[in-house]
Amino acid sequence: MSISTSVLSDLIQVLPYLRPQIYFKASLTALSHAMEDQVLAATMEQPLVIASFQRERFYRQEAHRYQRLAQISNQVYVLSAPETDFSNSSEHYEKIAFGSKDALAQEWHLVVIAYNYATCLVCREYRTSVVKKDFPELIPSIDMDTARRFEGIWTAERGVSLKAADLLLDKILIYRPELASKIEQARQRFRIGDDHTQKIIDEANEYACDIDTNPFVQRLVTYLQASQYKLHKAYRSIAAQARKERLVNSISTAIRRSLNPQSVLEVAVQELGQNLGASRCLIYRTQAADKSATIEHEFLSPGISSLLGQTRDLQNNPLFQEIVQKGDGVCISDTLNDFRIQNAIAVAKFVKKFAIRSWLMEPVWFQGRMLGMVELQYCDDEPHEWEAGELDLVKAIAISIGAALIQAEAYANLEDFNQQLEALDRTRSNLIAITGHELRTPLSTIQVCLESLATEPDMPLELREVMLSTALSDSERMRKLIQDFLTLSNLESGRIEWHPETLTLQECVDLSISRINTRSKTENLPKVSVKISENLPLVRADGDWLVEVLAKLLDNACKFTPPEGKITIKATRRGNKMVEVTVSDTGRGIEPNRLEIVFDRFYQEEGALRRSTGGTGLGLAICRQIVIGWGGEIWAESSGKDKGSKFHFTLPSIEGSQEERLSVVGKK
């Protein structure tokens, strides 16, 4: 027999009086189950059972039933086209894996042959195009499996069943020739394969007259009733799904209409509490590590006391702690019989005070981060019976709430980004103004000096020296400006390589003061005094950058302190691992609302274009990046205008005092 031939076609060709009928998938399933149950009910004999399931996925749905059939008979054969792991085997029953191009892939067969009865179901599936043409209302469908149509034969005539078994056994031999002896036993036992077709039909009719079809009909009715029950459940499921979608859509609409999380949560708590008939529905913001939370949104049924605005203890609430640990909600049908509540005195008092009989707590998560909590409380005399899908609905609402909160958070972050962009724009403007002012002035001076030297060869020597000195001074000013730009850029981009070493703070202070003193030749600077605590520990930092911080803080103090003023450098211990350095002055001071922004890039207290002190406003920004680089802090203090200022920074310390280091250096 060719594998491409159809069993149904061959059967009709041999028995031309057969008239195929149309069956839907649900009907075939009911008929098949009834035929299988008839085998399971008759345990006194071992019938021949042949089932062909088209594809492996259809076989997997019924595999457990055929394991039960195999316990009754050793003549059970299951055919299917493999899709994953279905293959020829003889473990519980004989599996026959046929090719996907075999006509069996389009057919559904079940044949049962016993001594006192025989039934067969031989069907061929209609093409999908036919279904679409005849039943357009079924397309598209949520589950097209129920809309599948077949044409075929279902009969209890023994002759038809024997011929169907004969055709299928021939198919099995093509794929499993090693089963020839076992198949021959079945043929001889049930007289399958007789060439005289009419004799077989007469013999089948003789056996069929004693068949009691009532049990079979009763089972068939039972399965049809079961199908109706499943259909009813499906309608209930569809209604629950529609209800869920309406509720989720209403909350999603609120999310789309507003970026305010408060209004979204208020819509969610009202819709959820009303749709699920809760006595009290609560939604509040909380995180996994919070010890308490305040009730922000509430739905109440008539006659139920309010919890709005109250603070809930979470640290001693075993339900909240269980949610944090497991990452899932907690559902309590009856609080009177829940051991977690009985063992927690505070929670038990809370439940009793507010008459909570059933309690659901569902966390609001987003990417592993807890954002809030949804609670449903029922204060009825009897425990609340949760309907199918209610818990899934609450979870879906919690997901929507999480999306709303993240959306609001993203909007807030967007506002922060906009503010940062505005700050960057101001920085750009300041950069243009400052560089224009700081570069244009020295360039103009240098240009005038060089032009004078070039056009006046008879200029006196003393005046030539003044011109050269002025040009060199302004070129140095430009060099420092460009150097500050490069330094800050490298610090902010992380391109600086740190070289920490053990240092005495006194050495670095002396070096920074010597830098400032070089200016005393041309400027009248205030007096600088140093007060370093005795036995101050050694510090661990990059020496060059530490000197840079001290020098820039001193330079900043000198700019805003009159010559008769005073600058003081202090250093003291701060705990066991840090040293705090303070550079204070008696100069102009800083307004309290500007103590933080003085460390911003290009900040100038007097404005970019009307400064009397010069500079780019990068010095303190550079100091902040350096101090952060070694893990320290930097901040400013001032009592206000003309009351002086103090700049503090910290740096790591190590064991050993500066006195010990200096004594070692002195011995050397």
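The chain is numbered in sequence order, starting from 1.
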Salt bridge (charged side-chain N to carboxylate O under 4.0 Å, His left out): which pairs involve residues 362-371, sequence neighbours left out?
-> Glu362-Lys395, Arg369-Glu409

Nearest heavy atoms of Gly640 and Pro592, plus distance in Å | CA-CD, 4.4 Å

Salt-bridged, Glu633 to Arg574, with N to O below 4.0 Å?
-> yes

Got a list of side-chain donor-acceptor pairs under 3.5 Å for residues 344-354, not counting sequence neighbours?
none

Not counting sequence neighbours, which residues clear ring-ring contact (aromatic ring centres under 6.0 Å, His included) with Tyr378? List them please.
-> His384, Trp386

Quick one: SG on Cys331 to CG on Leu360, what's the gap to the nearest 0.5 Å?
-> 5.0 Å

Nearest heavy-atom contact between Ile516 and Cys558 is CG2-SG, 3.8 Å

Yes or no on side chain to side chain contact (heavy atoms under 4.5 Å, CB included) for His499 and Trp545, after CA distance, side-chain angles and deciding distance?
-> CA-CA 9 Å; His499 301 286; Trp545 290 110; over 6 Å; no

In terms of side-chain geometry, is the basic nitrogen of Arg340 or Glu322 positioned less than 4.0 Å from the acidic oxygen of its partner?
-> yes

Would you please name every residue forming a ring-ring contact (aromatic ring centres under 6.0 Å, His included) with His297, sequence neighbours left out?
-> none

Residues at least two apart in sequence or cross-chain that pass salt bridge (Lys or Arg N to Asp or Glu O under 4.0 Å) with Lys552, listed by chain then number, are Asp484, Glu548

Salt bridge (charged side-chain N to carboxylate O under 4.0 Å, His left out) partners of residues 285-296, not counting sequence neighbours, each pair once = none

